[in-house]
Each structure stands twice: as structure tokens, then as C-alpha cells.
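Heads up: the structure comes next, in C-alpha cells.
Naming convention: chains lettered A, B, ... in sequence-line order (proteins, then strands); numbering from 1 in each chain. Note that this is a predicted model, so its numbers are computed, not measured.
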Amino acid sequence: MLDRTTIREETDRVRWALEVRGDDEGLLDELLAVDERWRELKGRGDSLRHERNVVSERIGELKRAGKAAEDEIARSNELKQELDAIEAEADELEADLESKLLEIPQIPYEGIPVGADEADNVERRREGFAELRALPDPVVPHYDIGEDLEIIDEARAAKTSGSGFYFLKGDGARLEHALIQFMLDLHREEHGYHDVFPPIPISSEAMTGTGQLPKFAEDSYELAGEDLWLCPTAEVPVTNMYRDEILLPEDLPVKHQAYTPNFRREAGEHGTQTRGIVRVHQFNKVELVNFVEPEESDERLEALLDEAEEILRRLELPYRVLELCSSDLTFASAKTYDIEVWAPADDMPDGPDRGGRWLEVSSASNFGAFQARRAGLRYRPAHHESAEYLHTLNASGTALPRIMVAILEYYQNPDGTVTVPEAIRPYLGGQKRIEGHDPIGETAVGEGS
RNA sequence: GCCGAGGUAGCCUAGCCUGGCCAAGGCGGCAGAUUCGAAAUCUGCUGUCCGCAAGGACACAGGAGUUCAAAUCUCCUCCUCGGCGCCA
């Protein structure tokens, strides 16, 4: 969140932020009005409390001297009544202020593209298109080839969990494990990341710290009867693990990575563009989380993007990099790059000129002090007496299902098999191709045919 | 889940039984004095909020209550540690 001083003293910037994000500015005006009233009451309450303290002290003196203090006690009780009324209203206003403040988004960095919707995102680069593999014509979509090879099973997942879930089987499950391990190893060995495996149920407090709550409660799964939510992204537990702590300069930069399953309700997201496993309720992801000193965050975002891109380069998957425009930024982000992998099968109107479509596999964001302020993430700079909020950043490194989609489509062969990208063969015992075969076989499905 | 002990400032600790006299003391950090410079020493500062300021309010895990007055008494919640139980 933004701090109150920013809201008061840099109102124009906050207003600009709401405007370019396409958010309602009414909230800001309400907030300012509430703040003004609150400050007035705060002042009155403070002076009443001061008087009460003086009177109380006097009572103590009188009693110790063995004298009567009835008048003072009466005065004190009177003050208490007045104070109660003022405090009741002030508390109410304060709570209102807090909740409004939590709904004011991060101010985007100057210089980011200003735009009305995702069409205004700016494509920065395309990579990996110089030497493309020879592709079958037509390319079989991942949901079909996944079923043919018996490695993705949505039908059976419907029996255990409903729609929007899938089983990975045989080489599909092995490919998933291989990709996870490959990503973790790469980031650890070459980018200096420290591994973390966090708890998956997450408290409301932590969800608020990174900005998922209170505004986006409907996006996540809440556990019945508990104040806990299923992890929507490892960003939440990993960013919150140092909640209310003050880190030392030598702790920085913090570079943590975590593989977790991620759970999202994705209410209302159905249609042809979401067929298969591109938009599901549960998916695995390796997340990169960074904490840095404020002056380093701009540079770190570029480095973070490069670290995430390295996964695509090693897997030799063609992709592009977008810089998100103001209205497409997430709530807490000041600047975001998206990495979209090329999935050649389904021709979409907004897809690349070679056909197929773009799938977002990573989003690299600089949150500035926005999350740090909410979550109480501070550090004590060398030669300074007071703690300061640090800057948080994160990037997916990367999301698994869409990488799987890209591999199944881009690496497929005319004979219906899929070549394993060289970078991950060591994780599959040297295996070069995925040829399918579920030992349980089709007869066990029992579709009634 | 049961029993017990705890949670005080960036860190360590006292105060709690017996309510009031600024949450004492130490470490660390900052500033000043001293010094050619440093060490040592001394002094001040070292949380949040309101206020132009003077100043004031708040803060002892969180919340509620008792009281003229709560770190201190009462109740509830959370968390940590130890023991018992259960368990992949």
C-alpha cells in the first residue's frame, strides 16, 4: 500500500496512477475526506487524553498525601465520557481509512506505457525465431496430443476434482518433475538462488501483505472453517516469510526461489482459448522472489527478467517479451514484463504471424515498497539509524503447464511423438522422445463405447 | 489435543506478586565534544501518530474488561518453548 503521507502530499501522483490504471478516483477523494476528519478528531482526542493524564497524576499525588480527590475523580470521569465518544468515531474512521488505503493500487513508474487495455502492451523483443524446428502441418493442439500420448488426463481429474484439473501420467508426470528440477537447478547454480519450500495454506494476513486481499478474495480458494487460503502463488508465502522483520544490509539482496503448486479459482474463465491446460485451477510454478535496496530495484528487474528468459533459451522455445501498459499492471506492481512462449497449434486472431498463439509463462514485476509497507519488510541501511522499507520483486521462473503446452506443440513430430528438449534429457534418464502408453490402457476408461 | 513456562524497544534484559513517581539497565547504531586521525571516554539522540511549531498522544504479542489511573489485575485469541498423547 501507499503511505498516508504520499496520499496527502502527492495526491496528484496518486490520482494519475488511478487514471492510467483505469481505476475509479472516487475512492481517493473519500479517503482524503476521511483522513481530514480523522486528523481533526485525533487532535481533539489527544488533548483530552492529555488532560486526563494530568488529572490522574494529580489524583495520585492527593491520595499519597492522604487528601480527598473527589473533584478530580469526577473531572476525570467526565473527560472519559467525552473521550469515549471521540474515540469511537476516530476508531471507525481509522478502520475505514485503512481499508480504503488497502484498495489504492501501486503508483506505476513513470515511463511505462500508458494504455487502456492489454492491446496497449508493448512488445519489446522476440527471441528464438531465427531457427525454428520443422513443424508438422497442422500442429496438433496439446490437449489432443496429450490425450493421444496418454500423458494428460482431464476426464479422470473431473472425477476427483471437477473441471479445470488434470492428471499427468507416465512420461507427462516425469516431464513435469524434470522441468521443475531443471528450473530449480538452473536458478540455484547459475543465478545464485536459495531454495525455499513454503507452507501451502496461507493466512489472511499474509494474503493481505502481498495484495491478494482484500480486493481479490474471489480469485483464491479459502479453506472451510479456517482463516487459511490455498497458495495462489509462491510469491505470497515467500514474500511474507520475513514479515515484520528488519533485515541487515548483508542479507541483501535476498534471492529466494520456491517451487509450489498454485491454486486459482479462475471464476468465469472458460472458452476455446482456455481449452486444455492453459488455464487451470491448480498448476505448478517455480517462483523467483527478490528483496533489494530501493535504489537497486530497477536494475534488478532487468536481471530478473533475464533469469526467467534463460529457462526459455535453454529449452529452445521461441518467445516474446512484453512490457505491460498501465492498465494491465497488477494491483501491487509498478512495472511488469511478461514473457510469452509461442504455442504453434491453435491459431488465434491475436497470435503471431506464423500462426499459433502466445502463452504467458512468466511475469516479472517490481513492486517498489508497496508490498514491503503492507508486510512490514524493512532493512537497516549501513550508517543509518532508522529502518527503511525495501523493494520487492518477483518473476515466475517459470509456470509449468504452459511450458508443457509449448513443448508438446513446438517439439512434436509428424509421427505423433514429442521430442524431449535437450536441456532436460538428463532429468529423464537421457530419454529423447515421448511416445506415450499408459499401462492401464483405454479399456479401463469406461466411457460406455 | 492435554499440562506447564513464556512473548517488553533493532537485540539482550529488569519491572508484573504489592496498579501511579516519564518502561530502568546493557549491547548495537547515529550525532556532537575530545583527537593530527583513531581507540577509549563524555553528552545527546536512536519506535509510531497528530501538530507549522511549541508540544502532545500512543506503544510492553493482539483484543476486550476492571479502575480516576494498567507492562502490572481479570477474561479471550494468537504465537514460541518444554513435557505427555497422536501420527505420515
Measuring only the [atom1] atom in each nucleotide, how far is [N] from [M]? A whole number of Å is fine.
{"N": "B:G10", "M": "B:A24", "atom1": "P", "result": "15 Å"}
{"N": "B:A54", "M": "B:C45", "atom1": "P", "result": "15 Å"}
{"N": "B:G47", "M": "B:A61", "atom1": "C1'", "result": "16 Å"}
{"N": "B:G25", "M": "B:U80", "atom1": "P", "result": "33 Å"}
{"N": "B:G26", "M": "B:U67", "atom1": "P", "result": "39 Å"}
{"N": "B:G56", "M": "B:A5", "atom1": "C1'", "result": "39 Å"}
{"N": "B:A23", "M": "B:A70", "atom1": "P", "result": "13 Å"}
{"N": "B:A40", "M": "B:C50", "atom1": "P", "result": "39 Å"}

Within this structure, what is the [atom1]-to-[atom2] distance between [X] and [N], rounded to whole angstrom?
{"X": "A:E388", "N": "B:U46", "atom1": "CD", "atom2": "C1'", "answer": "15 Å"}
{"X": "A:R378", "N": "B:G29", "atom1": "CZ", "atom2": "C1'", "answer": "14 Å"}
{"X": "A:R380", "N": "B:U46", "atom1": "CZ", "atom2": "C1'", "answer": "9 Å"}
{"X": "A:L93", "N": "B:C49", "atom1": "CG", "atom2": "C1'", "answer": "15 Å"}
{"X": "A:W38", "N": "B:C49", "atom1": "CH2", "atom2": "P", "answer": "9 Å"}
{"X": "A:Y379", "N": "B:G10", "atom1": "OH", "atom2": "P", "answer": "17 Å"}
{"X": "A:Y242", "N": "B:G10", "atom1": "OH", "atom2": "C1'", "answer": "17 Å"}
{"X": "A:E87", "N": "B:C49", "atom1": "CD", "atom2": "C1'", "answer": "14 Å"}

Can you list everything that forms a side-chain hydrogen bond (donor to acceptor under 3.5 Å, both in side chains) with [X]? Sequence neighbours excluded, please.
{"X": "A:E316", "answer": "none"}
{"X": "A:Y411", "answer": "none"}
{"X": "A:E98", "answer": "A:R4"}

Considering residues at least two apart in sequence or located in another chain, which fulfil the salt bridge (Lys or Arg N to Asp or Glu O under 4.0 Å) criterion with [X]?
{"X": "A:E435", "value": "A:R433"}
{"X": "A:E25", "value": "A:R15"}
{"X": "A:E82", "value": "none"}
{"X": "A:E287", "value": "A:K285"}

Would one find a side-chain N or O of A:R39 under 4.0 angstrom from OP1 or OP2 of B:G51?
->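 For B:G51, OP1 or OP2 has a side-chain N or O of A:R39 closer than 4.0 Å.
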
Base-contact (B) and sugar-phosphate-only (S) positions in nucleotides 54-69 of chain B, heavy-atom cut-off under 4.0 Å, - elsewhere = --BSS---------BS

Set of side-chain contact (heavy atoms from CB on, under 4.5 Å) partners for A:D148, sequence neighbours left out |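 So A:D148 forms no side-chain contact (heavy atoms from CB on, under 4.5 Å) with any residue.
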
For A:V280, check side-chain contact (heavy atoms from CB on, under 4.5 Å) against everything at least two apart and list the hits.
->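 By the side-chain contact (heavy atoms from CB on, under 4.5 Å) rule, A:V280 matches A:Y166, A:I277, A:F283.
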
In terms of ring plane angle, is the pair A:F182 and A:Y427 parallel, tilted or perpendicular, where the classes change at 30° and 60°?
->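 Rings of A:F182 and A:Y427: perpendicular, as their planes differ by over 60°.
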
Parallel under 30°, tilted from 30 to 60°, perpendicular over 60°: which one fits the rings of A:F331 and A:F216?
->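 It falls in the perpendicular class, over 60°.
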
Sugar-phosphate only, base, or nothing, as touched by A:R373 at under 4.0 Å among non-hydrogen atoms =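 Since no nucleic acid heavy atom lies under 4.0 Å of A:R373, the category is nothing.
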
With distance as the sole test, does A:K255 use its side chain to make a donor-acceptor pair with the main-chain N or O of A:H191 at under 3.5 Å?
->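 Between the backbone of A:H191 and the side chain of A:K255 there is a qualifying donor-acceptor contact (under 3.5 Å).
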
Annotated structure of RNA chain B as dot-bracket, pair cut-off 3.5 Å, Watson-Crick or G-U only, | for inter-strand, is ((((((((.[[[..)....(....]]]((((((.......))))))((((....))))..[[[[[..)....]]]]])))))))....

Any side-chain donor paired with an acceptor under 3.5 Å for A:Q181 and A:Y259?
->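 On atom types as modelled, these side chains do not qualify, holding no pair under 3.5 Å.
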
Kindly give the atom pairs (protein nitrogen or oxygen, nucleotide nitrogen or oxygen) under 3.5 Å for nucleotides 72-81 of chain B.
none

